[in-house]
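One structure below.
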Amino acid sequence: GAGVSQTPSNKVTEKGKYVELRCDPISGHTALYWYRQSLGQGPEFLIYFQGTGAADDSGLPNDRFFAVRPEGSVSTLKIQRTERGDSAVYLCASSSPPSGRGTGELFFGEGSRLTVL
Amino acid sequence: AQKVTQAQTEISVVEKEDVTLDCVYETRDTTYYLFWYKQPPSGELVFLIRRNSFDEQNEISGRYSWNFQKSTSSFNFTITASQVVDSAVYFCALSEAKTGGFKTIFGAGTRLFVKA
């Protein structure tokens, strides 16, 4: 597709359940980012990938959160034993390879809204 | 450590007024990049501008202009003759080079209301 695609757009789950959120970046973008946005807040950095490897996962809140990008394109954010505090919009973004001028801008998907009951 | 501060939580103006959104950043790096993004009510974040740390030239794009001042670590955004369609949340962001790539963090955003 032309843009960053995220699925599902909405997910309602019960406390304690396991959730997977998927991100399909723009073709050719080597960098992929996950952010979490709560109501009235800015995007909170979670993790970013350069290719297949997680270059920085310092924003993952705890070990219930994990993300993969096995082939360097699609990424999955996995949340185990969900808690009500995990409710938020999870945003994925991708960017073109860094150049001499530095990183390109981030292209965002529409987000996956997660509600934990 | 990286930090971006947008002290203005909400701003309300009447159409055709000029408005400036403030952004102050903190970084220890000499090479970094600053951005502004717009998040309209529809929700999807849209890129507006990028500035690198070596280029302090101010930029104008139509009704939008940006003032980058390293001396005060600020990257302010001005909308001239605001319009109702400018109503959105605006985020300032900072990107630093890290091993393996770049890490971008965002401020808390400023919600702009433009009334007709």
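Lettering of chains follows the sequences in order, A, B, ..., and the numbering in each one begins at 1.
- With hydrogens and angles left out, the side-chain atoms of A:Ser58 and A:Asp56 include a donor and acceptor closer than 3.5 Å.
- The ring pair (Phe, Tyr, Trp, His ring centres under 6.0 Å) test with B:Tyr90 is passed by exactly one of B:Tyr37, B:Phe77, B:Phe47: B:Phe77.
- Atom CD of A:Glu110 has 12 or fewer heavy atoms from other residues, nucleotides or ligands within 6.0 Å.
- Of the atoms belonging to B:Gln39, it is side-chain heavy atoms, and not backbone ones, that fall under 4.5 Å from chain A.
- Side-chain atoms of A:Glu20 and A:Tyr18 form a donor-acceptor pair, as typed in the model, at a separation below 3.5 Å.
- Heavy-atom distances place no part of A:Glu44 under 4.5 Å from chain B, backbone and side chain included.
- Within the 4.5 angstrom heavy-atom criterion, no atom of A:Phe107 approaches chain B.
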